[in-house]
Novice: 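Handing you this structure, nothing more for now.
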Amino acid sequence: MPEQSLYDRLGGAFAIAAVIDHFSDALVQNPIVGQGSKNLALREWHTNNLGRLPGLKFMRTLWVCNVAGGPIQFTATRPGSTVLGLEEAHRELKISPDEFDEVAAELGRTLDSVKVPPREKDEVLAAFAAHKGEVTEGYTVRA
């Protein structure tokens, strides 16, 4: 019998959407990457674009479902170099490696709060970390 996908072990789309909802709201309030961020682009996004947050939650949910091996396919509105590439969606935000790490830490705290088991938590965080170079590309190539 084949092992279940991460998607199935996380509980599917509805469970993933609940995690993303909590995570996204936590990011808005996060002092390092949210409304109080020293990064002007992040601060402005989390202050002036909250009307877009429901759509962003939807896109994040699709992305996680896809990365986790679910039947849902993510299609970027601003495609990167790969199907799941994130560089174009994040380039203008100029996210630093430290800011990326704080987002990952917030994701970890969210996974802990909903009691995702350690194995699945590690797999989610590893899948997220695999895209660090793409997400921080706008920071590393700025003049």
Side-chain angles (χ1 to χ4, degrees), residues 1-140:
M1 179 178 229
E3 182 179 19
Q4 285 188 316
S5 68
L6 176 59
Y7 171 86
D8 289 327
R9 288 182 281 127
L10 290 171
F14 291 97
I16 291 170
V19 169
I20 295 301
D21 184 59
H22 180 280
F23 165 69
S24 298
D25 291 343
L27 285 180
V28 170
Q29 299 302 316
N30 184 290
I32 297 170
V33 296
Q35 291 177 332
S37 179
K38 291 179 184 176
N39 176 329
L40 178 62
L42 285 175
R43 185 172 64 244
E44 286 183 357
W45 200 101
H46 286 107
T47 303
N48 300 328
N49 291 313
L50 292 182
R52 295 186 67 203
L53 190 57
L56 180 57
K57 289 177 180 184
F58 175 73
M59 295 302 289
R60 286 175 174 161
T61 299
L62 294 177
W63 189 87
V64 173
C65 287
N66 198 161
V67 165
I72 299 166
Q73 298 301 302
F74 169 81
T75 302
T77 56
R78 295 176 66 189
S81 59
T82 67
V83 174
L84 297 173
L86 300 172
E87 64 272 20
E88 295 309 323
H90 294 85
R91 185 178 308 282
E92 294 173 6
L93 296 174
K94 296 178 177 33
I95 297 169
S96 73
D98 288 342
E99 290 164 340
F100 180 94
D101 292 344
E102 179 58 25
V103 172
E106 194 67 66
L107 179 56
R109 290 188 288 272
T110 296
L111 295 169
D112 287 341
S113 76
V114 297
K115 300 185 180 2
V116 170
R119 176 181 173 206
E120 286 74 17
K121 175 185 173 184
D122 290 347
E123 288 181 48
V124 169
L125 293 175
F128 184 76
H131 295 271
K132 183 175 183 174
E134 298 163 17
V135 172
T136 61
E137 189 175 294
Y139 178 82
T140 57

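Both backbone and side-chain heavy atoms feed into the values below; hydrogens, waters and symmetry mates do not.
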Novice: Under the 3.5 angstrom rule, does the side chain of Tyr7 hit a backbone N or O of Ala13 as a donor-acceptor pair?
Specialist: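 A pair under 3.5 Å: yes.
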Novice: Within the 4.5 Å heavy-atom criterion, are Val103 and Phe23 side-chain neighbours or not?
Specialist: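 SC-SC contact between Val103 and Phe23 confirmed.
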Novice: Return the minimal non-hydrogen interatomic distance between Glu99 and Val33, and the atom names on each side.
Specialist: O-CG1, 3.5 Å
Novice: Between Phe128 and Phe100, does the ring centroid distance fall short of 6.0 Å?
Specialist: yes
Novice: Go through the steps to decide whether Lys132 and Asp101 satisfy the test side-chain contact (heavy atoms from CB on, under 4.5 Å), and finish with yes or no.
Specialist: CA-CA 9 Å; Lys132 183 175 183 174; Asp101 292 344; 2.7 Å; yes
Novice: Just do the side-chain contact (heavy atoms from CB on, under 4.5 Å) check on Thr136 and Ser96 with the steps written out, would you?
Specialist: CA-CA 6 Å; Thr136 61; Ser96 73; over 6 Å; no
Novice: State the OG-CG distance between Ser24 and Leu50, to the nearest 0.5 angstrom.
Specialist: 11.0 Å
Novice: Out of curiosity, Ile16 CD1 to Leu62 CG, how far, rounded to the nearest 0.5 Å?
Specialist: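 Between Ile16 CD1 and Leu62 CG, I get 10.0 Å after rounding to 0.5 Å.
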Novice: Could you walk me through whether Lys94 and Glu137 pass the salt bridge (charged side-chain N to carboxylate O under 4.0 Å, His left out) test, one step at a time?
Specialist: CA-CA 8 Å; Lys94 296 178 177 33; Glu137 189 175 294; over 6 Å; no
Novice: Is the shortest heavy-atom distance from the side chain of Leu53 to the side chain of Leu56 under 4.5 Å?
Specialist: yes
Novice: State the CD1-CG distance between Ile20 and Asp25, to the nearest 0.5 angstrom.
Specialist: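 So the gap between those two atoms works out to 11.0 Å.
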Novice: Write down the atom of Leu10, the atom of Ala68, and the distance for their closest heavy-atom approach.
Specialist: CD1-CB, 4.4 Å
Novice: Considering all heavy atoms of both residues, which atom of Arg9 and which atom of Gln4 are nearest to each other, and what is their separation?
Specialist: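 Nearest pair, atom of Arg9 first, then Gln4: NE-O, 3.2 Å.
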Novice: How long is the straight-line distance from CG of Asn39 back to CH2 of Trp45, given to the nearest 0.5 Å?
Specialist: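 So the CH2 of Trp45 and the CG of Asn39 are separated by 13.5 Å.
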Novice: Taking all atoms of both residues into account, what is the closest heavy-atom pair of Phe74 and Val83, and its distance?
Specialist: CD2-O, 3.8 Å
Novice: Between atom CZ of Arg60 and atom CG of Leu107, what is the distance when rounded to the nearest 0.5 Å?
Specialist: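 Here the interatomic distance stands at 10.0 Å.
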Novice: Using modelled atom types only, decide if a donor and an acceptor are shared between the side chain of Ser37 and the backbone of Ile32 within a distance under 3.5 Å.
Specialist: yes
Novice: To the nearest 0.5 angstrom, please state how far the CG atom of Asn66 sits from the CG atom of Leu84.
Specialist: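 If we round to the nearest 0.5 Å, Asn66:CG and Leu84:CG are 4.5 Å apart.
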Novice: Please name the pair of heavy atoms, one in Met59 and one in Thr75, separated by the smallest distance, quoted to 0.1 Å.
Specialist: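 The pair with the smallest heavy-atom distance is CE-O, 3.3 Å.
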Novice: Within the side chain of Thr47, is there an N or O that forms a donor-acceptor pair under 3.5 Å with the backbone of Glu44?
Specialist: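 Such a contact is absent between Thr47 side chain and Glu44 backbone.
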Novice: Assess the residue pair Arg91 and Glu134 against the criterion (salt bridge (charged side-chain N to carboxylate O under 4.0 Å, His left out)); give the C-alpha distance rounded to whole Å, side-chain angles, the decisive distance to 0.1 Å, and a yes or no.
Specialist: CA-CA 8 Å; Arg91 185 178 308 282; Glu134 298 163 17; over 6 Å; no
Novice: With side chains defined as the heavy atoms from C-beta onward, is the minimum distance between His46 and Leu42 less than 4.5 Å?
Specialist: yes
Novice: As a quick check of understanding, evaluate side-chain contact (heavy atoms from CB on, under 4.5 Å) for Lys121 and Leu125, giving each step before the final call.
Specialist: CA-CA 6 Å; Lys121 175 185 173 184; Leu125 293 175; 3.8 Å; yes
Novice: Run Arg109 and Asn30 through side-chain contact (heavy atoms from CB on, under 4.5 Å) and show every step you take.
Specialist: CA-CA 12 Å; Arg109 290 188 288 272; Asn30 184 290; 3.6 Å; yes
Novice: Are Arg78 and Glu92 ion-paired here, with the side-chain N under 4.0 Å from a carboxylate O?
Specialist: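 Yes, this pair counts.
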